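Counting convention: from 1, in listed order, for ligands and their atoms alike. From a predicted model like this one, the values you see are computed outputs, not experimental measurements.
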Amino acid sequence: MKLRRKVAAVRRRMLCLWLLLLGLSLAMLGMSDFLNHKDLHAADPSRRPLQWLPSPPELEVIVDSLDPAMELGVDTAPLKSLQEDQLLFVFPSAQGTWTQQERKRSYKMFKRGTFKDATAAGPLGSVRGRTGSIQMEMEQASVQRHGFNEALSETISLHRRPPEARHPECFGEKYSEILPSASVVICFHEEPWSTLMRTVHSVLDTSPRQYLQEVLLVDDLSQNRHLKARLGSYVSGLDGVRLIHSTRRLGVGGCRTMAAAKAKGQVLVFMDSHCECHEGWLEPLLERVSQDRSRVVSPVMDVIDWKTFQYNATQWPVRGVFDWRLDFYWELNPPLQEIPPEEAVLPLQSPALGGGVLAIDRNFFQSVGAYDPGMLLWGAEQIELSIRVWSCGGSMEVVPCSRVAHLSRHHLPYIFPDQEMLRRNKIRVADIWMDAYKKIYYRRDTLAHLIKQSESPNIAERLRLKRSLGCRNFHWFLSTVYPQLYVPQDKLALSGELYNVGTGNCADYAREEQQQGAGMNIAPCSGTGSQHCEFNSEGEVRWGSMGSLCMHVKGNKVVLSPCSAHQPTNRGLKWKFIKLSGQLVHQQSQMCVEAVQQAGLLQSKTGEVHKPTAGGLYLKPCTRHPRQQWHFEQLVAPKGN
Ligand code: UDP
Ligand code: MN
């Protein structure tokens, strides 16, 4: 009896203890929920938001282990958010078992399309039911802030799919059943919620699970709240998505290099944080990389309009190129000698690829030197990688049956600590990869030349890499990979700004009319290299950053139009420059170029007043008038570095 009572007492005590424990844990859960809730709606921005970290094994916490070699020269510290992110933490899917149901059970889920950015929620929340003009104002404000119409983007499904744009031949294409696994790396800095999550969902919705190792989201030290705890909590409910918060601002290349070191897939697919994938985009890319591990490939990049969010299919064929100012372009209908008959489905070799979406074998990426760690946050990294891949044994191509749309932007939304960051990156590209051809760049970007003279960028490490990989020189690149790029001769006294003695101005042209045959005009000499032109041994006067615009005439007006549109023997394109008199003579007509300055307002018959034109270049009978006297003024000396 005594014993039974004792046992009962012990049982009662145990029960109490259990109840106490249960009560405590319930209270804790409630608290954490409350704290988390508070964080979501915290009104006081100065208050440091509380981090809600789910307990292990749901969250793997890794102390920041960034390789110091990867850290860039530019440090944006002291940023406030640094304290919140002292840890680099990774949400797991690492174990490879994607049991969505399990994941969902342990995390709160935001319903699709219901999430609002705390800072953007105000405008969006209030838009519905109000007038169109308020909506327009808000859209304008969001364009101002993000460089695209984020207010409109928030009203569009996170799961929308672009309309079919692939060539019908693509549907007959067969891919290997065994393809390498892919890590889709999405680095972002202050990306709005809707575009970021539409990117993530479109990858998840369109990629066959057997090939998708993971989506690796990397927050490049964003400060916006929605990209912190809430993003972690949302993403943890998504199958196969890992999230890394960097504790340093790494920039586009640095961030991708860091992610590559953490990625587990055999192929890295770098993707911008505002993309939308087509059905079947991944397989053709993986197929091409698996056939040749040194092949770097890109889908056809369609365009999402920054204002309307409309999708615009890019016409095939298209390839990536760059010009002598080291700016990148997608070139439609490239002027290639041989276009294969089955061009609709055959990949097209490309001198360069944009950074929007890029698939590269992980080992090849590492062995070819990842991204240049000396590059600053943004710009020209795609050109650097392109020249390096080609020169050091790899190749690049655009794959037509793979399509991904990228959001075009009205303007860049970032505030960079360094105004001349892009130029500094270009200087690295020129100095490391272009040998003597770098002069062609510096003549067209004189500010870069000035910067370069006053600073000496540390490129020793990359030159060592270039040597150790046995990379070919830029002459090889130009003659083998990109023979279509015109190589300017830039002869002394026959190239530079075309200065007019009579007006004290320089010859220039309207950039926006380039394709139709831009009328030439005169404008104050810029000194920047933007007015650079050259008179070459063919007798052509070449303009534009590709050197592809030729001076010729329309009636008596001097205009520019694509050189390739004319026969090389076309006498209408040929000029003679008489150094002594400074006369520029049109060979066919034997007339001289004269700068005409038009002043005052022009009144038409209807009484309309037109703006004064900036003047123009006209063919006139040759005289000794100073307005027919020209000098080529070279701004960057031919010798030295
Ligand atoms: N990005 C980044 N860190 C930066 C700047 C950009 O992670 O310091 C990301 C950005 O969010 C985007 C990608 O890198 O996902 C490429 O940048 P962006 O889209 O601005 O380049 P663009 O497409 O305009 O060339
Ligand atoms: Mn982009």
Give me the ring orientation class for Phe477 and Phe474: parallel if the planes are under 30° apart, tilted from 30 to 60°, perpendicular past 60°.
parallel
Just need the protein heavy atom nearest to atom 17 (O) of ligand 1, so name the residue and atom and give the distance.
Tyr414 OH, 3.6 Å
Heavy atom of the protein closest to atom 8 (O) of ligand 1 (residue, atom name, distance):
Arg249 NH2, 2.8 Å
Looking at Arg209 and Asp239, is there a salt bridge between them, counting it only when a charged N and a carboxylate O are closer than 4.0 Å?
yes
Closer than 4.0 angstrom: is that true for some heavy atom of Gly356 and an atom of ligand 1?
no
With a sphere of 6.0 Å drawn around CD of Glu455, does it hold more than 12 non-hydrogen atoms of other residues, nucleotides or ligands?
yes
Closest to atom 21 (O) of ligand 1 among protein heavy atoms sits Trp378 NE1, 3.1 Å
Would you mind telling me if ligand 1 is within reach of the side chain of Arg409, the backbone, both or neither, using heavy atoms under 4.0 Å?
side chain
Using heavy atoms and a 4.0 Å limit, tell me yes or no: is His406 in contact with ligand 1?
yes
Per-atom contacts of ligand 1 with Ser273, taking only distances under 4.0 Å to non-hydrogen atoms:
10 (C), 11 (O), 12 (C), 15 (O)
Heavy atoms, side chains only, cut-off 4.5 Å: are Leu348 and Trp316 in contact?
yes
Considering only protein heavy atoms, which is closest to atom 13 (C) of ligand 1, and at what distance to one decimal place?
Asp272 OD1, 3.4 Å
Quick one: look up the protein heavy atom nearest atom 2 (C) of ligand 1 and list residue, atom name and how far away it is.
Asp220 OD2, 3.6 Å
Protein residue, atom and distance nearest to atom 9 (C) of ligand 1, heavy-atom basis
Cys187 O, 3.7 Å
Decide yes or no on ring-ring contact (aromatic ring centres under 6.0 Å, His included) for His226 and Tyr234, but give the supporting numbers first.
CA-CA 10 Å; His226 72 257; Tyr234 183 91; over 10 Å; no
Mind checking whether Gln382 has a heavy atom under 4.0 Å from ligand 1?
no
In this structure, CD1 of Ile304 is separated from SG of Cys275 (nearest 0.5 Å) by 7.0 Å
Please report how many protein N/O/S atoms lie under 2.8 Å from the Mn ion (ligand 2).
3
